[in-house]
Amino acid sequence: EKWGYINNKGECVIEPKFDFGNPFINGYAIVTWQGEFKFRAIDRHGKFVPGRYFEISNYSDGLFYVRNNNTDYYIDNKGNKVVILILRMV
């Protein structure tokens, strides 16, 4: 059994091909594919965001929070790593 996506009219917009699929949030859904034990993100056209991850958050504020090989970081919707600067007053 495979997962796909339909629109509000019940029309198939992304063919069932995923092993698992979360709902779309902010234009992206988290899926698993071809028996992989890693997660991927797709856009509303079914196009993959580059990369496979042990963990990936929903898309928010232009970023995904991901974890791979005990390393946590952020990526944008093109799969690029993003450096987050944290400033604090001392």
Side-chain angles (χ1 to χ4, degrees):
E1 182 175 302
K2 298 292 182 182
W3 292 64
Y5 292 89
I6 59 173
N7 62 18
N8 291 338
K9 298 176 185 176
E11 302 165 330
C12 183
V13 292
I14 300 175
E15 293 293 324
K17 60 183 174 183
F18 304 106
D19 298 324
F20 175 79
N22 279 334
F24 278 89
I25 297 176
N26 297 321
Y28 293 89
I30 308 302
V31 300
T32 59
W33 191 54
Q34 294 184 333
E36 295 180 330
F37 292 107
K38 289 191 175 184
F39 297 96
R40 302 180 80 176
I42 59 169
D43 66 15
R44 291 197 179 271
H45 303 286
K47 182 179 175 188
F48 287 109
V49 172
R52 296 166 176 85
Y53 306 96
F54 287 114
E55 292 181 32
I56 184 169
S57 69
N58 291 318
Y59 190 67
S60 178
D61 297 323
L63 299 172
F64 297 97
Y65 174 79
V66 299
R67 173 176 282 185
N68 248 355
N69 301 322
N70 295 323
T71 303
D72 300 355
Y73 51 96
Y74 290 92
I75 61 169
D76 63 16
N77 62 355
K78 293 181 178 31
N80 300 310
K81 285 186 182 180
V82 177
V83 175
I84 304 294
L85 299 177
I86 300 174
L87 303 175
R88 70 178 188 180
M89 300 285 289
V90 289

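Just so we're clear, the structure is a prediction, and the values are computed from it rather than from any experiment.
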Partners of D43 by salt bridge (Lys or Arg N to Asp or Glu O under 4.0 Å), sequence neighbours excluded?
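In terms of salt bridge (Lys or Arg N to Asp or Glu O under 4.0 Å), with neighbours along the sequence ignored, D43 is linked to no residue.
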Which residues pass the salt bridge (Lys or Arg N to Asp or Glu O under 4.0 Å) test with K17, sequence neighbours left out?
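Applying salt bridge (Lys or Arg N to Asp or Glu O under 4.0 Å) to K17 gives none.
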ring-ring contact (aromatic ring centres under 6.0 Å, His included) partners for [X], two or more places apart:
X: F54; result: none
X: Y65; result: Y74
X: Y28; result: Y59, F64

Decide if atom CD of E11 counts as having more than 12 heavy atoms of other residues, nucleotides or ligands within a radius under 6.0 Å.
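Counting neighbours around CD of E11, more than 12 heavy atoms of other residues, nucleotides or ligands fall under 6.0 Å, so yes.
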Are F48 and V13 connected in a single hydrophobic cluster, I mean Ile/Leu/Val/Met/Phe/Trp/Tyr linked by side-chain heavy atoms less than 4.5 Å apart?
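Same cluster.
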Does V82 belong to the same Ile/Leu/Val/Met/Phe/Trp/Tyr cluster as V49, with side-chain heavy atoms less than 4.5 Å apart forming each link?
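No, V82 does not connect to V49 through the hydrophobic network.
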Closest non-hydrogen atom pair between H45 and I14, with its separation:
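Taking H45 first and I14 second, the nearest heavy atoms are C-CD1, 4.0 Å.
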Let me check something: any side-chain donor-acceptor pairs from residues 29-42 under 3.5 Å, sequence neighbours excluded? List them with distances.
| residue | atom | partner | partner atom | Å |
| --- | --- | --- | --- | --- |
| T32 | OG1 | F20 | N | 3.2 |
| E36 | OE1 | R52 | NE | 3.4 |
| E36 | OE2 | R52 | NE | 2.7 |

When you measure from the side chain of W3 to the backbone N and O of D19, does any donor-acceptor pair fall under 3.5 Å?
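Such a contact is found between W3 side chain and D19 backbone.
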Within the side chain of D76, is there an N or O that forms a donor-acceptor pair under 3.5 Å with the backbone of K78?
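Flag set: sc D76 to bb K78 pair under 3.5 Å.
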